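A short write-up of the structure that comes next.
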Amino acid sequence: MNYALDRFAAEVRSVISASGKVPEALIEVQVPKPSIPADLCFPTFRAAKEVGMDAPRLAQELAAAVSGAVPPDSLIGEVSAVGPFLNFALHPQHLAAAVLDEILCASDRYGRESTGAGKTIVVDYSSPNVAKRMHVGHIRSTIIGQSLIHIFRALGYRVIGDNHLGDWGKQFGIIIASVVREGKPQTEGEEALAHLEAMYTRYSEAMKDDPALDEEARQWSLRLEQGNADARALWQWCVETTLQVNQRNYDRLGVSFDHVYGESFYEAMLPGMIQQALEMNVARREEGGAVVVEGLDEKLPTFLLQRSDGGTLYLTRDIATIAFRMREFRPDQIIYVIGAPQELHLRQLFALSRAMGYAQEVELVHVAFGTVFDATGQALSTRRGNMVYLETLLDEAVARARGVIEQKQADLSEEEKERVAEMVGIGAVIYNDLYQDPRRNITLDWDRMLSTEGNSATYLQYSYARCRSIMRKAEQALSVERLLPMDPTLAPLLIHPTEQQLLKHLARLPAVIREAGERYTPFVIADWCYTTAREFGVFFEQCPVLKAETPPLREARFLLVTATAQALKNGLSLLGIQAPERM
RNA sequence: GGCCCGGUAGCUCAAUGGAUAGAGCAUCAGUCUUCGGAACUGAGGGUUGGGGGUUCGAUUCCCUCCCGGGUCGCCA
C-alpha cells in the first residue's frame, strides 16, 4: 500500500534527487526522534564527504535548492537546514486531508498491506500439553502467537495457525501408568485434568526412587506408540477432555486455530523420518540402538532422534512436522512461538531440517519469549505451589476489573458491566504479555497488570470509549452521511499543534504494523496504541470538539476523533484486545 | 566450562549508527463549576554494568571482563 507517509518519503527522496547535488545512492532519509521538530531528515555527513563539501554547507545548499522545487500539492511543508541535517516537515493541511481520508475510507482495513500477498506463513503456537490444565506457562505462546497471526494477516499473508498439541511421548507413558495404578478419574472437565495432573506429579516423584516405575512408564509410552488398545482408549479420552477444557480459555482470549494437529498426528511418518536421516548419513545408530545426530554444526551439541528402546522423541516428531507442513502448505515461513529455554532444541531442529533438505525454501523462525515469574521473582511451578492456572488468571483479572467498574461506572446495566469487565480483564492479561519485547521475562504483578493508569490496556480502552462517547454526542447533530465523501474544506482546519501531532501519529500505523512483522514484536503496536491514547488525551484537553469555536472546526475535529477511534481499534485488534463502547 | 538471552532513572520498560537517551509507576507540585478525572500539566531523578576499539558521530557495531537468567542425548 501507498500510505501518506510513504508518499511523503518518496517525495522527499525525489526532490533531493532532483536537485542534482547528491548521488542517488547516498540519499538516506530517516525519521528523526520526536524531540526534533521535523518529520523526515537527511543527515548529509556521508554525502558531503563524497562530494567534498562540509556537511552543514551541503545541507544549506540543498535546503535552498529543494525549497523552490516542492510542488504545490505536496505533502512536504517546510524544508530547512539545521547544521548537517536537512529537515523536512509535513505540510499541515495536506497531511490532515490525506490522513483523515485514508483512515475514514479504509476504516477496518486501515493499516493493512499487500506485501504478503501470495505468501504463506505457518504459525506454531499455544501447544499446551494434554492431560494438564493450561497455566501461565502457556499463555505467552498463545497470546503472542495469536497477535502475530493478526499482524501477518494484516500484512497480506496467508497465515495458518497450528496448535501443536503435546499429546505424545513418554509423558503419556507416565499418565497411562499412573491411571493403571490409581484408576481413571471419575470427574469431568477441568476437575478431571486437575486429577490427572496430581496423579502425574505423584507418579513422577515416585519414579525417581523406583526404577521399576520408570520402566513401566517407558513401556506404556512404547505400547501407546505401537497401538495398544487400552492405551489408545485412555489417550483418546485425555485428548478430548483437554481440548474441551482448553476451548473455554481460547474463546475468552479470542484465540482460534486453523488446525490442531497434535504431535500424535505425525506418528505414522516417524519411522520413515528416522530411516531417511540414517540413509542420508546425517544420523547414525549407536550400539545401544539409539539414533544420534552429530556434527551438523561444530557448535551444536549432538542430540537424539530415537531412544535406544525404539521410542521416538519430541524432535523426531518436530522434524516430521516440518516435512508435513512443507508438503501440505508450501509455506514461505514457519514461525515457532516457543519459550526461550527451548532455543537450543529449535536450533537443532532447524539444522537437521536443513541437512535433510526440508528447509531449502522456507524460513524457519523461533520467536523466543521469556519466562513468567510471580511478584516475588520466583518462577511459577506446581512443585513450588505458586502455579497460576489460566482459568484462574482470567477469572481473577475479570473479577478485579468488575470491582473497578462497580466503583466508577455503577450506572451501567448489569449485562454491560459483565461484558466490559470481561473485555477489560482479558485485555489486561493480554497487554501484560504484549507491551514489551517478548524476549524479556515478565512478572505476574496484579497491581501493575490491572492498573487503571498509565501504560495499561485499561487506559487504551478508556481512550477508545472516550472517543466513542464524543462521537455518540456529536452524531446527534452531525449526520454520519456527511463523513464521506469528506468536505475538502474541513481537514485543513486541523492545524493546532496537538491536532497535528495526533494526525502524524495516526499516519504511522501502517509503518508500525510492518515493523511489528519484520521484528516479530507485537509490542511495537502496543507502543503505538499507547502513544495514540496519550496524544488523544492531550488533544482532548486542549481542543474541544462539541464546543469548538466554529461549526466547521467542530466537524473537522469530529472527523479526527472518528479517525482516532478507528485507528486505535485497529491497533488493539492486532493485539487481540477488544475496544468497549463505554466502560 | 561451551552456547544463547538479558544488564538503560528507585521500580517496570522504550530508543532502523545520528541532533538535548524517552515513557509509565512511585515521589513532590499543579490543572478542573469536565465533549467521560480510569484524564491533563510540571518538577526532581542517568558515568546506558566496567574497560578498550571502530568513525564525523556508539545505548546501538567489534573485543574483553563483571553480574543475572536459561540451556547442554534417551522429558517436552
Side-chain angles (χ1 to χ4, degrees), chain A residues 30-36 38 41 43 45-46 48-49 54-55 82-85 87 127 129 166 168-171 173-174 204 218 221 263 286 288-294 299-309 311 313-315 317-318 338-345 347-348 368 370-371 373 379 404-405 407-409 424 435-437 439-443 445 447-448 451-456 458-459 461-463 465-474 515 518-519 523-524 527 530-531 533-534 536-538 540-548 554 557-558 561 582-583:
Chain A
Q30 317 174 342
V31 179
K33 290 189 302 189
S35 56
I36 305 300
C41 71
F45 304 99
R46 207 160 302 145
K49 198 172 186 178
D54 65 289
V82 180
F85 294 91
N87 288 345
S127 313
N129 287 325
W168 211 241
K170 191 179 168 188
Q171 54 160 351
I174 296 176
S204 302
R218 196 183 55 75
S221 82
E263 288 182 53
E286 281 184 339
V291 175
V292 302
V293 181
E294 59 190 350
K299 292 189 170 175
L300 224 46
T302 62
F303 55 93
L304 251 44
L305 212 48
Q306 190 172 28
R307 304 197 307 236
S308 45
D309 68 0
L313 294 155
Y314 185 35
L315 204 136
R317 301 185 281 276
D318 269 357
I338 300 182
Q342 295 193 45
E343 198 248 325
L344 177 59
H345 166 79
R347 269 172 53 211
Q348 290 170 327
T371 310
F373 293 99
V404 178
I405 292 164
Q407 199 184 323
K408 308 217 178 199
Q409 286 292 343
V424 170
Y435 82 100
Q436 64 184 43
D437 193 298
R439 275 185 306 236
R440 286 186 177 274
N441 296 333
I442 59 169
T443 304
D445 180 335
D447 292 334
R448 203 183 64 218
S451 162
T452 58
E453 301 163 14
N455 191 356
S456 64
T458 311
Y459 175 60
Q461 292 170 317
Y462 175 70
S463 301
R466 280 173 121 189
C467 288
R468 298 296 295 166
S469 175
I470 293 175
M471 289 169 68
R472 276 193 299 275
K473 289 184 176 152
E515 187 189 344
E518 280 159 18
R519 297 173 62 188
F523 88 86
V524 171
D527 200 62
Y530 172 60
T531 305
R534 248 183 52 232
F536 172 73
V538 178
F540 183 87
E541 292 292 322
Q542 298 186 3
C543 302
V545 178
L546 302 180
K547 294 175 191 159
R554 179 185 146 124
R557 285 182 177 162
F558 172 73
V561 171
R582 30 183 144 236
M583 59 186 278

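All heavy atoms count here, side chains included; hydrogens, waters and symmetry mates do not. Every chain is numbered from 1 and lettered A, B, ... according to where its sequence line falls, protein lines coming before strand lines. If you're wondering where the values come from, they're calculated on a predicted model, not measured in any experiment.
The C1' atoms of B/U16 and B/U27 are separated by 35 Å, rounded to the nearest whole Å. When the P atom is used for both B/A58 and B/C62, the distance is 16 Å, rounded to whole Å. Between B/G44 and B/U59, the distance separating the two C1' atoms is 23 Å to the nearest Å. Remark: the separation of the C1' atoms in B/C40 and B/C56 is 42 Å, to the nearest Å. Taking the C1' atoms as reference points, B/C75 lies 34 Å from B/U12, given to the whole Å. Rounded to whole Å, the separation between the P atoms of B/C63 and B/G6 comes to 15 Å. B/C66 and B/G51 are spaced 15 Å apart, taking the P atom of each and rounding to whole Å. On the C1' atoms, B/G45 is 14 Å away from B/G22, given to the nearest whole Å.
Under the side chain to side chain donor-acceptor pair (under 3.5 Å) criterion, A/Gln348 pairs with no residue, sequence neighbours left out. In this view, A/Glu294 and A/Arg284 satisfy the side chain to side chain donor-acceptor pair (under 3.5 Å) rule, not counting sequence neighbours. Applying the side-chain contact (heavy atoms from CB on, under 4.5 Å) criterion to A/Val404, with sequence neighbours excluded, gives A/Lys408, A/Thr452. Here A/Arg468 pairs with A/Glu581 under the side chain to side chain donor-acceptor pair (under 3.5 Å) rule; sequence neighbours left out. A/Arg440 meets the salt bridge (charged side-chain N to carboxylate O under 4.0 Å, His left out) test with no other residue; sequence neighbours excluded. The side-chain contact (heavy atoms from CB on, under 4.5 Å) search around A/Arg46 returns A/Leu26, A/Glu28, not counting sequence neighbours. For A/Arg472, there are no salt bridge (charged side-chain N to carboxylate O under 4.0 Å, His left out) partners, not counting sequence neighbours. Not a single side chain to side chain donor-acceptor pair (under 3.5 Å) links A/Thr458 to another residue, sequence neighbours left out.
As judged by a 4.0 angstrom heavy-atom cut-off over every strand, A/Glu286 is placed among the base-contacting residues. When heavy atoms are screened at a 4.0 angstrom cut-off, A/Cys467 is found touching no nucleic acid atom at all. Among the atoms of the strands shown, base atoms are found under 4.0 Å from some heavy atom of A/Asn87. A/Arg468 comes within contact range of no nucleotide atom at all, as no heavy-atom separation falls under 4.0 Å. When heavy atoms are screened at a 4.0 angstrom cut-off, A/Ala48 is found touching no nucleic acid atom at all. A/Ile36 comes within contact range of at least one nucleobase, with a heavy-atom separation under 4.0 Å. Counting any heavy atom pair closer than 4.0 Å across all strands shown, A/Asn129 reaches sugar-phosphate atoms only and no base atom. Counting any heavy atom pair closer than 4.0 Å across all strands shown, A/Leu313 reaches sugar-phosphate atoms only and no base atom. If you check every strand for non-hydrogen atoms under 4.0 Å, A/Pro84 touches nothing. Contacts of A/Pro341 with the nucleic acid, taken as non-hydrogen atoms under 4.0 Å apart, involve only primed sugar atoms and P, OP1 or OP2.
A glycosidic torsion no more than 90° from 0 defines the syn conformation, and B/G73 adopts it.
Distances from the side chain of A/Asn455 to the nucleotides B/C74, B/G24, B/A19 place B/G24 closest. Among the nucleotides B/A23, B/C35, B/G73, the one closest to any side-chain atom of A/Val292 is B/G73.
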| field | Base-contact (B) and sugar-phosphate-only (S) positions in nucleotides 4-15 of chain B, heavy-atom cut-off under 4.0 Å, - elsewhere | value | SSSSB---SSSS
| Reading nucleotides 38-44 of chain B from the 5' end, what letters show protein touch, with B for base, S for backbone sugar-phosphate only, - for no heavy atom under 4.0 Å? | BBSS---
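Remark: A/Arg466 is positioned above the aromatic ring of A/Phe540, its terminal NZ or CZ atom under 6.0 angstrom from the ring centre and at most 45 degrees off the axis.
Distance alone, capped at 3.5 Å, places no donor-acceptor pair between the A/Ser469 side chain and the A/Ala465 backbone. One N or O on the side chain of A/Arg554 and one on the backbone of A/Leu546 form a donor-acceptor pair closer than 3.5 Å. In this structure a side-chain-to-backbone donor-acceptor pair under 3.5 Å is present from A/Asn441 to A/Thr371. One N or O on the side chain of A/Gln171 and one on the backbone of A/Gly166 form a donor-acceptor pair closer than 3.5 Å.
Where pairing requires Watson-Crick or G-U contacts shorter than 3.5 Å, the helical stems of RNA chain B with at least three consecutive pairs are B:1-7 with B:66-72, B:10-13 with B:22-25, B:27-31 with B:39-43, B:49-53 with B:61-65.
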Can you pull every protein N or O that's under 3.5 Å from an N or O on nucleotides 53-61 of chain B?
from  : atom 1 : to      : atom 2 : distance (Å)
B/C56 : OP1    : A/Lys49 : NZ     : 2.6

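Across the interface with RNA chain B, nearest-nucleotide mapping of A/Leu344 and A/Arg307 shows A/Leu344 to be the residue nearer the 5′ end.
For the pair A/Phe303 CZ and B/C74 C1', the computed distance is 14 Å after rounding to whole Å.
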